[in-house]
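To keep things clear, I will list the structure first and then write my remarks on it.
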Amino acid sequence: MSLGYAEKLSYIEDVGNVGMVEYFDPSHVLREKIDQLAIMIKKSKHLVVFTGAGISTSCGIPDFRGPKGIWTLQREGKALPEASLPFHRAAPSLTHMALVELEKAGILKFVISQNVDGLHLRSGIPREKLSELHGNSFMETCPSCGEEYFRDFEVETIGLKETSRRCTVAKCGTRLKDTVLDWEDALPPKEMNPAEKHCKQADIVLCLGTSLQITPACNLPLKALRGGGKVVIVNLQKTPKDKKASLVIHGFADKVIAGVMDQLNMQIPPFVRIDLFQIVLVQALSNDKRYVNWTLQIASAHGQRAALPFIKSVEVSFLDREDYKAAILDKQPFRLKRRTAYNKAFEMVLKLNFSDGCGCSSLEIDVPVDFKVSTDCFDFDKDYIFQKLRDKAVLESRCGQNGVIERKTILTPRSDVTTYAIVTNVVQYSKTCKAALDSLSNGDHKKRKASVTGIGSSRKRSKGSSKCKS
């Protein structure tokens, strides 16, 4: 979490009633309630989940009203907690991924979130089955055609303001806007209407990690009661809606949901994060056509002027060319300018050093360059490639798998653009929580990052490194 993120949260969270007391059900009571919730979910025909900040605390993102919540610390005059990793690298929690599995199984019909961390969308919940009532720090939208853009970097504005980028839909080009609400902004009908519709249809609305105090969002779960549905609340603090709930569980969301998944005999899928970047090579012949002035840029797939947060630096070297000077690019935009003979082919080696929070430290890519040969253009099936990368990452329990998904040529100025997809994180979650329940503890349920090892390379390297080779 960053200070900027905390400032964003201040626009969407009530500052009253901070520092509320946390309650924990005794272990035997917790076990009974988990069993009861599992039975309810198993019988459910239209399950809706309503989430708050409490499901993201195990991701390193503070809540608001807990003992270490944002508003509690601010009221006590204490500093906000230091981030253990950049906000844009936060991985979904066990609860996030369990909801993905429930949705794939057809049990979970819709998710309503008050969070702006984007973790539901990043976890794999389909956009059409998700309402983000207060917006998404990583989402931009076109006010003209409605196109949405989910970024790997935090959008720089809040309050539905214009950003520095434009819509890429043909014949549109409207300047994009952020989606995070300001104080005076009403909940958008695009998010509110389907949320209200599904709550009215729900036989169970499961509220996870929310104090249910922010209006009008907090009243959505109660709409299920009018149609005979039930409300279940899982939260560490008491809420104003507890008396209307059929079941109230005081426990960590991860622990409760892990127990439910165990009772349903369902596994929690791993989280695999895939990021994109582009290698752009711009070239121009000299007047005598003997030399090529070229520029290399490592750019974001969201646009060459967009931030590329997961790459810290780029080391450029040349195979078998002692006369070509190597370079280290440590400031964005990552750009290198060179002049070489037109008739000489060569091979660059790019070592991408990744930022904190990535599962592997670096990636090496060989880039053959021959200005006399035209570049083949192609556009692969991205979904197919992504699935292959995910399957391999889970099977090998490590990240670094990568592949080219698109290559194109721009005529003016002459530019070759190659888009790469790379697995930058793999998180495996425990299969069962029986051991945790048997320990008579209401502690947090932990996730485990997959171990990282290197990919074989034709060049020599030291043993035990976490580098990856393309």
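If you're wondering where the values come from, they're calculated on a predicted model, not measured in any experiment. Along the sequence shown, residues carry numbers from 1.
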Please check: side-chain N/O of D117 versus main-chain N/O of L119, any donor-acceptor pairing under 3.5 Å? yes
Evaluate the side-chain proximity of Q267 to Y429: yes if any heavy-atom separation is below 4.5 Å, no if none is. no
Test: R165 cationic atom under 6.0 Å from Y149 six-membered ring centre, within 45° of axis: no
Centroid-centroid under 6.0 Å between F24 and F252 rings: yes
Between F354 and F277, does the ring centroid distance fall short of 6.0 Å? no
Side chains of T419 and Q278: any donor to acceptor distance under 3.5 Å? yes
L133 and M192, any side-chain heavy atoms less than 4.5 Å apart: yes
More than 12 non-hydrogen atoms from neighbouring residues, nucleotides or ligands closer than 6.0 Å to NZ on K382, yes or no? yes
Enter the distance from I385:CD1 to E406:CD here, rounded to the nearest 0.5 Å. 10.5 Å
Side-chain contact test, heavy atoms from C-beta onward, threshold under 4.5 Å: evaluate it for L108 versus F110 and give yes or no. no
Looking at F378, I want to see if its CZ is surrounded by more than 12 non-hydrogen atoms of other residues, nucleotides or ligands under 6.0 Å. yes
Indicate yes or no: does D275 engage R89 in a salt bridge with an N to O separation below 4.0 Å. yes
Taking the side chain as every heavy atom from C-beta outward, state whether L181 and P188 have any atom pair closer than 4.5 Å. yes
So does P126 get a backbone contact from the side chain of E103, meaning a donor-acceptor N/O pair under 3.5 Å? no
Spatial distance of atom CG (L236) from atom CG (D25) [nearest 0.5 Å]: 9.5 Å
Minimum heavy-atom distance between V248 and A245, given as atom pair plus value: CG2-CB, 3.8 Å
N/O donor-acceptor pair under 3.5 Å between N425 side chain and R273 backbone: no
Passes side-chain hydrogen bond (donor to acceptor under 3.5 Å, both in side chains), E156 versus S164? Steps please. CA-CA 9 Å; E156 64 272 21; S164 59; 3.2 Å; yes
Inspect the surroundings of CG in D379 and state if more than 12 heavy atoms from other residues, nucleotides or ligands are less than 6.0 Å away. yes
Are R127 and E191 close enough for a salt bridge, meaning some N to O gap below 4.0 Å? yes
Do the non-hydrogen side-chain atoms of H120 and I55 ever get within less than 4.5 Å of each other? yes
With side chain to side chain contact (heavy atoms under 4.5 Å, CB included) as the test, would you mind laying out the steps for I125 and V100 before giving the verdict? CA-CA 6 Å; I125 292 292; V100 172; 4.1 Å; yes
Testing the 3.5 Å rule here: is there a donor-acceptor pair between the side chains of N353 and S313? yes
In sequence, state the C-alpha distance, the side-chain angles, and the governing distance for T179 and N136, and then conclude on side-chain hydrogen bond (donor to acceptor under 3.5 Å, both in side chains). CA-CA 6 Å; T179 62; N136 186 325; 5.6 Å; no
Ring centres under 6.0 angstrom apart (H96, F271): no
Side-chain donor-acceptor pair present, D383, Q387, cut-off under 3.5 Å: no
Hey, can you tell me if H250 and Y23 have their rings parallel, tilted or perpendicular (30° and 60° cut-offs)? tilted
Which atom names give the shortest non-hydrogen contact between I233 and L212, and what distance separates them? CD1-CD1, 3.6 Å
Can you check whether V116's main-chain N or O pairs, donor with acceptor, with S137's side chain at less than 3.5 Å? yes
Determine whether I112 and H198 satisfy the following criterion, side chain to side chain contact (heavy atoms under 4.5 Å, CB included), listing intermediate values before the conclusion. CA-CA 9 Å; I112 305 167; H198 281 278; 5.6 Å; no
Can D178 and T163 be counted as having a side-chain donor-acceptor contact under 3.5 angstrom? no
In this structure, CD1 of I311 is separated from CG of L352 (nearest 0.5 Å) by 4.5 Å
Sub-4.5 Å side-chain heavy-atom contact between C142 and C172: yes
About how many Å separate CD of Q237 and CG of D242, when rounded to the nearest 0.5 Å? 10.5 Å
Closest contact, heavy atoms only, I365 versus L363: CD1-CD2, 3.8 Å
Can any side-chain N or O of K43 pair as donor or acceptor with the backbone N or O of M40 at less than 3.5 Å? no
